[in-house]
Every structure is written in structure tokens, then in C-alpha cells.
Amino acid sequence: MLQFVPFLCILITRTISRIMQRERIVNLRDEAQVGRKVLVQGWVRTFRNDQFIALNDGSCLSSLQLVIDREATDDAVKKRITTGAAIAAKGVIEASQGRGQVTELKVTDLEILGDADPELFPIQMKRHTMEFLREKAHLRFRTSTFGAVFRVRHALNFAVHKFFTDEGFFQIHTPIITGSDAEGAGEMFQVTTLDLNNVPKAEDGSIDFAEDFFGKTANLTVSGQLEAELGAMALGQVYTFGPTFRAENSNTSRHLAEFWMIEPEVAFADLASNMKLAEDCLKSILRYVLASCDEDLEFLENREIQAEKQLPQDQRHDAPLRARLQAVVDTPFQHVTYTEAIDLLQCSKPYKKKKFKYPVEWGVDLQSEHERWLVEKHFNGPVIITDYPASIKAFYMRQNDDGKTVAAMDVLVPGIGEIIGGSQREERLDRLQAKCAEFNIPEDHVWWYLDTRRFGSAVHSGFGMGFERLVMYVTGMTNIRDVIPFPRTPQNAEF
RNA sequence: UCCUCCAUAGCUCAGUUGGUUAGAGCAUCUGACUGUUAAUCAGAGGGUCCCUGGUUCAAGUCCAGGUGGGGGAGCCA
């Protein structure tokens, strides 16, 4: 009978460990926690002096310092406490004797949950390049930078929903697979279940899409806007927030083949209120993350400062990250028409010194270099450019009375360029039909869109905001592939 | 798609006018030390110099093509 006693003890300990709930490190960092007996689980960042483990569980940027008993801990166990290993530790929260943290965990029980072979685990406790970590996208979450980026990304996601909900908007889930091919926002990915090695042919030799899953060609959406307009013309104010897909062969630090977009659409709203909505939206979102992500933003701010040390002075930001974001919150956005912007550019120093590579004249779209001069040099803050020439904008934008321009707006921010593009929509059926003809869009492709202009049409407006560009702007990351967990770009769909 | 730069140890990078056995820091391993903060100190191991071809007595180094990546541009969000 006596031989069962130790077994019983082990059984009881194990049961306690199961009952004991895991504490998140984010909640264990203040003095009030001292004395609490807790269980933590996470991944080892460093193991110093055979005694101090920096444990990160992702709940916040900072790690919890675990202090183990060097003498009492088995050498075999200590050997397995390596960077990247998953461990569970029980103990008591104490005031830290060392600097650098308020509290630490005096460990009484330690368990290795998952080993990380130090010869093979690629993430070291040192500076890695973003390019290297991009190839290790499955493990880069374990770094401070990407932990911070993705926590901020989440906060931004939530702030978007909070803003629109507070403003009385309803989210509309627009389709990801679309039968509409008239959105004109870019090249589309085709969706098909046809056997590409043996496609059914029609009598004239062309592919017979009547045999395909939807009985016609289908694509991944490039924008939820047209469908969102339909929602707005009944629910009043709606927004979409979902993935969008562009099959453009763009290889830049600002483009993805799969990205997330926010598209509000408001009935009875003209361009002026659309601009106000865009400004309020951006400011509200920034206010939210500034208030809720300070630790992560501080880290990202310092990361940016370190990264910019390698750049020449004129390519560095003149204010730190959080100050820049705060400035956007505090400053009214500048408004300028396209026509005024052209005038400003033609009077600018780089124009007179012929430093611009592309021509500046009315009717030609603004190039990156022009937008950059306006935003970064002339206005030095967010700018809304309105009333573009009709010829360079989409078919659905409302014609202005001058007959030359449309009620469009682009919100430009320093460092990123266009972050929001929107317009007042053409609500007059005859004008819209004329535009369809002009853009070679067959009316029977967009009959459902035109119907909203046939039945109870009304003035309405909306815009699109690239979510990843917002995340870039807020985190100071300079490559869009580093603000989405698994970027999709031409020739790259790993993971 | 275009322009441009780059590719050497697990990572970040040196490598001279082409010349003997290709180096450093960090990481890893071994040992020492032990209240550390990306700990410190000593030692060790670690290389298909991206691939293919060419020039040459000799190529990490020069040339051509390819592949991969960065930055910029276009398109756009």
C-alpha cells in the first residue's frame, strides 16, 4: 500500500497543474502582482547565467524574467532551455532585484513543453534583416518586431470596426468570388474548377465556360465597392472590410496580390462629407492605437530610428513615429483641388529646376514624385486632393458641373502616398450609362448596379482604404510584405 | 513589366592590381564564472564563395547567360 503514496502525490501535483490556469505575461508586470502563485507558458527568448530565462508568450512586447534555482535544476533540463523552446513554469511573482523589469517569477516547477534545437532554430536573439525573416515567415512572429507589428495590426483592425460601429455603420460581407468583371480596378485572378489539361471547348473553339462551376467566368474580387453601394442604398451607411485580390505584376514595397481593404459607402453624402468621414476615420483609428499600443509603438519607433541611422539625413523622418501619428490626429487635413495642385507643382523649385522626371500638366495623373513633393515638402502632412480630370478616373465617379472633372478625392500621407481613394458616385442614370459606353462596359454586365439608379437613386459617396498601407503608416514598416503575416506577391505564395 | 544594386560560415558582413591553407563579429559546441538584461571570459567546430558556361598557367575576384533577393518606377490600395 505504501508504494502507492508517491504515485498519488505525483497524480495530485499533475492535477493541480492542470487546474491552474495559465496567466498571460501582460498581466504580471506590475507590483500589485507580487506574491501571487502563477503558471506561465511561453517561448524562451534568452537564457542567461544558467539562471535567468526571458520568457515571451506574445501577450505583450516584453518578456517575463523567470529565475530558476541553478543548483536544484537538473543539468539535462537546463540544457533544453534554449532560444525558441516552449516551456511552462510555476512559481511566485516577486519584485525583481535586477533593473529592467518590475517583477519576475521565482520558479518552483519547470517543464519543457517543446524543444527548439539551437543548431537549427533560425531566429537568434540578435538583429536579423527583414529580408531574412521574410523567408522565415512562419517563425518571424517570434521576434519582437513582428510581435509588435501584428499586435498593432489587430488593434487597427478593431479600431476600424469600432469607428464605423460607433458612427452607425453596418458591415457588409461582399463576395470574394465575383461574376462581375467590370470593376476596372485591376487585373483579376480567375476562379475555375475546369480541368486545365482538358478544357471543354465551344463550337467556335473557345473555352466553354458554361461548363464551369458558375456557368460563366468568375474571378476573385478586386473591390467590394459596387456591392457596398447596393447595401448603402438601403441600409444608409455601410462598410466592407475584407480581402481583395489583384493579379497585377507589381513588384514594389507597397503592393500585394492579396490585401485587405476597407470601403465605406454612405447614402445622401456628397464629396465634402466623404472627405470629413475619411479624416474622422483616420484620426479615430490613430487615436485608438496611440492610446492602446504604446509599448509596441515605442518599440517600433526605436526600431525605425535605428534603421534610419543607415540612411542619409534627408531620407530620415524629422519626427519620431508616435509624434508623427499624434500630429495627424491634431492637425486638420489640408484640402487642395487637382487643378490647384498642378499650379503648386508648376511653381515648385524641382519643377523649375527640371528635377521632376514626369511632366506636370493639367490632365496628366500625378506621379509618385509629385505626390511626395506635395505631401512631404509643401504641406508636410496629410493632404486631400480633389476634383481630378474625368479621363484619369473610374467610370462610377460623379461628373462635376465644369464637364471636365469628377468629384474624386485621394488622401495622401507622408511616406506612403495614397492611403485612401474615394469619390462621390454618379447617381444620375443617363450620365452613368454614358460613362459605361465610354469605358466599354456592357450595360448587361452591370444591370444590377444601374438598377440602383433606376429605383430610388440618391447622392452617395464612399472611399477605399488599403489596410496594409495603414498598418505600414502606423508601424513605420517600410515594406508592405512585413505588415501582413503571409504576403502574396508575384512568384511567391510560400506558406 | 522596366531601371538599378546585390548574392562568401546558421546570421550580418570583410576579402587588395586575378596568386599559396577564404577571414571577422554574432550564433552554436566545450569549459570557467554566476543577479544577469542581446551576460562575461577562454577555447573549438563550422564553407557547393548562388547555378551553368567562358577567359586564364591560375577565378570568391574578370566576362556571358540563368536563378533568387533588395531599392526605385509604372499600375494602384
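Everything numeric here is computed off the predicted structure, so don't read it as measured data. Values below: every heavy atom of this structure, side chains too, minus hydrogens, waters and symmetry copies. Labels below follow one simple rule: chain letters A, B, ... track the order of the sequence lines, proteins then strands, and each chain is numbered from 1.
- Contacts between residues 349-364 of chain A and RNA chain B, counted as heavy-atom distances below 4.0 Å, involve A/Tyr358.
- Aromatic pair A/Phe241/A/Phe467: ring centres closer than 6.0 Å.
- Using cut-offs of 30° and 60° for the angle between ring planes, the A/Tyr288 and A/Phe158 rings count as tilted.
- Interface remark: the A/Ser250 side chain does not form any donor-acceptor pair with the B/rC76 base, using a distance-only criterion of under 3.5 Å.
- Separation of the P atoms belonging to B/rG70 and B/rG65 is 22 Å when rounded to the nearest angstrom.
- Residue-environment remark: CD (A/Gln491) stays at or below the threshold of 12 foreign heavy atoms within 6.0 Å.
- Comparing B/rU16 with B/rC76, their C1' atoms sit 47 Å apart, to the nearest whole Å.
- With both ends at atom C1', the span from B/rU20 to B/rU1 equals 48 Å, rounded to whole Å.
- Annotation: B/rC50 and B/rA14 have their P atoms spaced 14 Å apart (nearest Å).
- The base of B/rC11 lies outside donor-acceptor range of the side chain of A/His128, with no N or O pair under 3.5 Å.
- For B/rU37, its base never sits under 3.5 Å from the side chain of A/Asn49 at any donor and acceptor pair.
- No donor-acceptor contact under 3.5 Å links the side chain of A/Gln124 to the base of B/rU28.
- A cation-pi arrangement is absent between A/Lys349 and A/Trp373, since the terminal nitrogen or guanidinium carbon is not both under 6.0 Å from the aromatic centre and inside a 45° cone about the axis.
- Nucleic acid contact class of A/Pro118 (heavy atoms, under 4.0 Å, all strands): sugar-phosphate only.
- No N or O donor and acceptor, one from the side chain of A/Arg70 and one from the base of B/rC33, sit under 3.5 Å apart.
- A donor-acceptor contact under 3.5 Å is not formed by the side chain of A/Glu369 with the base of B/rG72.
- Contact annotation: side chain of A/Glu131 to base of B/rG70, donor-acceptor pair absent below 3.5 Å.
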